[in-house]
Amino acid sequence: MKHTKRKIDFSTTVIPLAIILLLCIFFVLFPERSTFVIGKIRFFFGDTLGLYYLIVGLGILLVSFYIAFSSIGKIKLGGKDEKPKYNFFAWGAMIFTCGLAADILFYSFCEWIYYANETRLEELGSLQEWGQTLALFHWGPIPWSFYAVLAACFGFMLHVRGVHKQKYSESCRALLGNKIDSFPGKLIDVLAVIALIAGTATTFSVATPLLSSAITSLAGIPSSKYLTIAILVVICTVYTIAVLTGMKGVSYLANLCMYFFAALLLYVLIFGGKFFYILETGFSSLGTMLQNFITLSTYTDPLRKTNFPQNWTIFFWAYWLVWCVASPFFMGSISQGRTIRQVVIGSYLFGMSATLVSFVILGNYGMGIHVSGTFNALEFFTKTGNLYETVIAIIQTLPFYKVVLVLLIISMISFYATSFDSITLVASAYSYKELGKGEEASAQTKLFWAILLMLLPIALIFNESSMNNLQSVSIIAAFPVGIVIILIIASFIKDAHSYLKE
């Protein structure tokens, strides 16, 4: 592979850097003021304009079925005789791990706890029936459809049209024409990079304290924000080393991550003592989710009796939208030799299925010991007010729980390293006006992005941001990105039909 240090696009490098540095300073020096300001902005986007996110979510899901099963789905990403570069398992492992960081483990264990005291859950029914149903809905078909559709869009752009300009704006060319070479294109790319950084910041800030708590429990050392920051530095070092080795290192880490993740799930399922409860509750929750899917997807709470969609559904759709800047780009880049139909179905098969299995096993174990009276997780959470300590307490009910803590720590680091490998590769490509075939970003550019992705999470930790603040960052960043994604999909469908006519 030839490395290039030329053709740097300063607009998509310097502008996001300046904005992120200003935000970091604002969060660290004015924590209360920053919380108030982003809260006001979040209310406007997430509450006043919340319907927009729900329409985008359901709309993209329907589009995913259209492009998979229409004539577009038959298009191969590459030449007629192109063979897939990666085997089925390696490809699937990268599809899953690039799309989800370590937050999947945090939410798998505890999301049902968030919903337990929600008025919306009381309206629907019992915790047993709806606790995991809502979690499966928020991590199921709609968010994974974002990845599936955009992976197809970017894969078509890279491998069929042979575009060397790896940017969000370039995927709109069929619709916007030469306008993407001027201000509109620059604006799209700057918005995309800022959203990417916001998404990574939310992920690190949400899940890293759990990793810190696990290490604290295992090693018996005091927990602090400085320990959490030290962990971020270690993770940054791991994924930087991997990303500098190129795709070989990324693929190796993805496979390793899957092995440790599978070991964690199997241990909890087999040795947790809730084998049949986990499977039966998971099966029932999946059925309840499918039966009520349209209702859940379109529920807006217009009278604001519960604010459940504003607090949760809209947040999760926004959270996934900001991740769409990098993950689907990576998914498309590794899908050369596969058809668009295979990309879409593979995203659901590997990505969504593995995600739902995680929630079924880890979430239902915690809920199982709670409803059976073995451990009152809700009471523990109410007393401590610390969800991370609650998750550790749930893990400590398992036999030889230190084994689980070790698996959890390794799995989380592996998830972080794998997902942020892919993000760093994509973000690095954004720093160039274009990259020719066989070219990739220089080592210095990769290092720059690897470090930049750490700055905002560290600032949010110093800010001691609440879950509400973290949600706000994603909701605000996702609004303009959602508009761009609609443009990308429309442009792709137009270009794909033109290609079929050719």
Side-chain angles (χ1 to χ4, degrees), residues 31-32 35 102-122 126-128 130-132 134-135 138 202-232 264 268 272-274 308 311-312 315 358-359 361-409 411-412 457 460-472:
E32 294 182 4
T35 297
D103 51 345
I104 183 179
L105 294 170
F106 169 70
Y107 281 113
S108 292
F109 270 113
C110 73
E111 190 164 332
W112 66 272
I113 298 176
Y114 277 125
Y115 303 148
N117 295 319
E118 286 280 353
T119 306
R120 175 60 175 162
L121 188 139
E122 295 176 4
S126 66
L127 175 65
Q128 169 64 34
W130 286 93
Q132 281 302 305
L134 293 170
H138 286 147
T202 305
T203 294
F204 269 124
S205 303
V206 166
T208 308
L210 176 60
L211 182 56
S212 176
S213 297
I215 293 173
T216 297
S217 176
L218 188 65
I221 57 178
S223 179
S224 70
K225 66 178 67 175
Y226 298 103
L227 174 61
T228 303
I229 292 170
I231 291 170
L232 287 176
L264 174 63
V268 174
K274 296 292 179 183
F308 185 83
N311 292 336
W312 293 108
F315 157 64
S358 176
F359 276 84
I361 294 176
L362 301 182
N364 284 336
Y365 173 76
M367 196 166 74
I369 61 174
H370 172 75
V371 298
S372 66
T374 304
F375 173 71
N376 193 323
L378 294 181
E379 182 180 318
F380 185 91
F381 175 55
T382 302
K383 285 182 179 179
T384 61
N386 190 318
L387 199 53
Y388 303 106
E389 290 183 13
T390 306
V391 172
I392 298 301
I394 290 173
I395 292 174
Q396 288 174 341
T397 63
L398 288 159
F400 303 105
Y401 72 88
K402 290 188 176 181
V403 174
V404 182
L405 288 175
V406 171
L407 288 173
L408 177 67
I409 291 168
S411 297
M412 290 187 75
L460 287 170
I461 289 170
F462 270 109
N463 182 254
E464 296 183 346
S465 298
S466 65
M467 176 60 71
N468 189 63
N469 287 353
L470 298 174
Q471 290 176 341
S472 299

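Positions are given from 1, in the same order as the sequence printed here.
Atoms NZ and CG, from K274 and N364 in turn, are 11.0 Å apart once rounded to the nearest 0.5 Å. Atom-to-atom distance recorded for L211:CG and M412:CE is 5.0 Å, nearest 0.5 angstrom. Interatomic distance, CZ of F359 versus CG of L105, reported as 9.0 Å (0.5 Å rounding). Here the straight-line distance linking atom CD1 of I409 with atom OG of S212 works out to 10.0 Å at 0.5 Å rounding. Here the straight-line distance linking atom CG of L408 with atom NZ of K402 works out to 15.0 Å at 0.5 Å rounding. With rounding to the nearest 0.5 angstrom, the CG atom of L127 is 12.0 Å from the CD atom of E118.
Across all non-hydrogen atoms, the minimal contact from N386 to T390 is O-OG1, 2.8 Å. L134 approaches E111 most closely through the heavy-atom pair O-OE2, 4.4 Å. Residues S411 and L407 approach most closely at OG-O, 2.7 Å, considering heavy atoms. The minimum heavy-atom distance between V391 and C110, with the atom names listed, is CG2-CB, 3.7 Å. S126 approaches L121 most closely through the heavy-atom pair C-CD2, 3.9 Å.
Just one residue in the list W312, F315, Y115 forms a ring pair (Phe, Tyr, Trp, His ring centres under 6.0 Å) with H138, and that residue is Y115. Shown are F381, W112, F375, F109; of these, the ring pair (Phe, Tyr, Trp, His ring centres under 6.0 Å) with H370 is made only by W112.
Between Y114 and F106, the angle of the ring planes goes over 60°, which puts this pair in the perpendicular group of the 30/60° scheme.
Not a single donor-acceptor pair under 3.5 Å links the side chain of S217 to the backbone N or O of A214.
Under the 3.5 Å distance criterion, with hydrogens and angles disregarded, a donor-acceptor pair is assigned to the side chains of T397 and Y365.
In this structure, the side chains of I113 and I394 come closer than 4.5 Å at one or more pairs of heavy atoms. Side-chain contact between F308 and T119 is absent, with no heavy atoms from C-beta onward closer than 4.5 Å.
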Walk me through it: do I392 and L210 pass the test side chain to side chain contact (heavy atoms under 4.5 Å, CB included)? CA-CA 8 Å; I392 298 301; L210 176 60; 4.1 Å; yes

Evaluate the criterion side chain to side chain contact (heavy atoms under 4.5 Å, CB included) for residue pair I395 and V268; output intermediate values, then yes/no. CA-CA 9 Å; I395 292 174; V268 174; over 6 Å; no

